[in-house]
Amino acid sequence: MPLALIFVPLLAAAVAWVIPSDRHRPLLLPAVAVVHLALTLFALAGMEKVAYGVWLQLDPLGGVTLGIVSTLFLICALYAPGYLEVRIDRPNRIVCAGMLVFLSMTSLLILSQHLGLMWVAMEATTLATAPLIYFNRTAHSLEATWKYLMIGSVGIAVALLGSLFLAYSAYLGVGESSLLFPTLLENAANFSRPWLRAGFVLLLVGYGTKMGLAPMHTWKPDAYGEAPGLVGALLAGGLTNCAFLALLRVYRIVDAGGEGVFARELLILFGLTSMAVAAVFVIRQRDLKRMLAYSSVEHMGILVIGTGIGGAGLYGAILHSLNNGLTKGVLFLAAANIHRAYKSKHLDEVSGAIARLPISGSLFLAGFFAVTGSPPFGPFVSEFTILNAAFSLGHWKVATAFLVLLGIIFIGMGGTVLAAVQGTPSDEAKATPFRDTLRTTGPIVLSMALVLLLGLWIPAPLRSLLERAAASFGGHP
Amino acid sequence: MTQSADLILVLIILSNFVILGSRELRVCIRTAAVQGALLSVLPLLVHREPGSRAILMALGAAVVKGLVVPGFLFQAIRHVKIRHEVEPYVGFVPSLFLCAVGSGLALLFAGSLPLAPEHAGSLLVPASLATMLSGFLVLTTRRKAITQVVGYLMLENGIFIFGLLLIEAMPFLVEAGVLLDLFAGIFIMGIVLNHIQSEFSSLDTHYLSDLKD
């Protein structure tokens, strides 16, 4: 089972590479996505048995992330054929193969129970996604790819050093030690504290770079801004959540090693910094996709703040990774449709999106309300859970700053989004051939429906999975 | 055994200075290749009882870091006209000075770290820190995209040296994965370098600073 989750998309990537037709190739994506989601649901139903040796195992936390990635991938894969048909002028071999390799490597990352193997998978996801950012073959997309590749590679190198520090801390503490997470967790109390601390700082910086926490977020606006919306959705909703999973796994060891207080303070510090940076850059942001990138920086901040608060905050953070992932799917895909219709993603050209694209424009607006934490959508519930935890656990200053920053970001993003969706579209925009179709809006509607559902009602099996995931870290709902 | 390892580590530290001080891109890449080749001998010297694993690791490192990766980089500059670093953000002499200070501090700092007794006297940790530091210096102060890749390579080399402390704890599969990722990473960077060269007819990164808020 674990091998199927990894190798089905990997083989499909090879198949995608040899299919000669740009028209037929994208149809492979939804087929693989359906199989992957079926495998995922099957794996989640009988989680105890999902193991391949000691190296690959599905734990509740991994189960949540696997569910997010697989669902989001399905939404993107359903969207891809319609989108790539519009962009038939561009070869899509690299995009299709890269997306499938990405799915394979994220599955490997989620399943891997070894500190080193997890790192290898994380690096592989960076490499698989870098060529996707260069889809448009413009000077700007080249610049974005270069920054993503270099900053991502250096970040991930820092995470490798952090992993080695953690391993050395284990080596000093208990001698020859395996780097499997269960063993590390068991022995953590005896680890060498200075190396453990230093290792956590490096791992936070390293995996934080992949998440896009400020101040290591500088690649993010460029990459999300220049990549096709399809790729932006996968990065903002999938890859960042995998990096968050990696960070949670090492946080758990550091916490068990007795450095939890130190780690939580750092997490809250990075989280608030990220929200503050997002608040500054989201105001008067005139580029829709760059605005979404800063929103992603904000939500990564929210995730680590929830983790840093602990208890119910941790449950809120894990729930929020699900809500944020699906909402980013809505926003990036709707932004991609707007981009196609206006041939621009900039407020200079974009206005009246609801008049020009009634469905995509409305979804973009609904997605904005969802992502800024308005009821009745999913992110409201998770953000409220985190805020509530912050107040009830006595983090008054953090909770106040959290609320103020959420307010600023709501107003800042609101200005940009309303300017884009209201008003009347220009004549040039009306003249472009792109129209809302079932293929390019259906997947977004599906994603939006899930975001709404999660705000109103969390099904019992999902709730139980989230609770088990949080409980494995000492968190609770 | 430890003495020969320390000799190699000293040579690696010296190669950092050569890379930081040279204007010629070819010299930079060639020296990085020499550094990779030097590194690859270390697993054989550091391992307590070098067996097939240490030999495989040494071979893998020699092929990837000493041959293939520098090969990609030479490939990437074959059409480049200006083959030397122009006006780095920090000049050659100041960066050599910084490297010297950094290496000295690395030596002092490593002495104060809580190390296992078997690693206490060795130059592994200071050489690793010094190489990582030099790599960061190259990455952040040079303007050519290709030199930045060399900096990244040095950073990875420094981490590789640190990893030798754990040579018995890290499974071979993971070591191989790390090398494979480095190989794939530099391969993709090489392709992107080619695109940068054909898009801007230059490898200067100031062309790559148009996106901002």
Ala157(A) backbone acceptor or donor facing Glu156(B) side chain under 3.5 Å: no
Min side-chain heavy-atom separation Leu179(A)-Met170(B) under 4.5 Å
yes
inquiry  = Determine whether a donor-acceptor pair (N or O, by modelled atom type, separation under 3.5 Å) exists between the side chain of Glu199(B) and the backbone of Leu142(A).
reply    = no
Q.
Does Phe92(B) have more than 12 heavy atoms from other residues, nucleotides or ligands lying within 6.0 Å of its CZ?
A. yes
Do His114(A) and Pro171(B) make a side-chain contact, defined as non-hydrogen atoms from C-beta onward lying under 4.5 Å apart?
yes
Ranked by heavy-atom pairs below 4.5 Å to chain B, first place among Met150(A), Lys147(A), Glu226(A), His140(A) goes to His140(A)
Discussion item. With a 6.0 Å cut-off (strictly less than), is the heavy-atom count around CZ of Phe109(B), excluding the residue itself, greater than 12?
Written reply: no
Taken in chain and number order and not counting sequence neighbours, the residues that satisfy side-chain hydrogen bond (donor to acceptor under 3.5 Å, both in side chains) with Ser95(B) are Arg142(B)
Pair count under 4.5 Å, heavy atoms only, with chain A: among Ile196(B), Leu180(B), Leu155(B), highest is Ile196(B)
Neighbour count above 12 (heavy atom, 6.0 Å) for Arg23(B) CZ:
no
Bottom line for Leu164(A): the part with an atom under 4.5 Å from chain B's heavy atoms is both
Between Trp146(A) and Phe200(B), does the ring centre distance come in under 6.0 Å?
no
Taking a cut-off of under 4.5 angstrom between non-hydrogen atoms, the residues of residues 114-141 of chain B near chain A are Pro114(B), Leu115(B), Ala116(B), Glu118(B), His119(B), Met132(B), Phe136(B), Leu139(B)
Okay, Ser153(A) and chain B: the region with an atom under 4.5 Å from a heavy atom over there is both
Do the side chains of Val178(B) and Glu123(A) get nearer than 4.5 Å, heavy atoms only? no
Of Leu127(A), Leu117(A), Leu115(A), the largest count of non-hydrogen pairs under 4.5 angstrom with chain B goes to Leu127(A)
The interface call for Leu211(B) against chain A, heavy-atom contacts under 4.5 Å, is both
So, the part of Tyr134(A) with a heavy atom under 4.5 Å from chain B: the answer is side chain
The interface call for Tyr168(A) against chain B, heavy-atom contacts under 4.5 Å, is both
Okay, Ala198(A) and chain B: the region with an atom under 4.5 Å from a heavy atom over there is neither
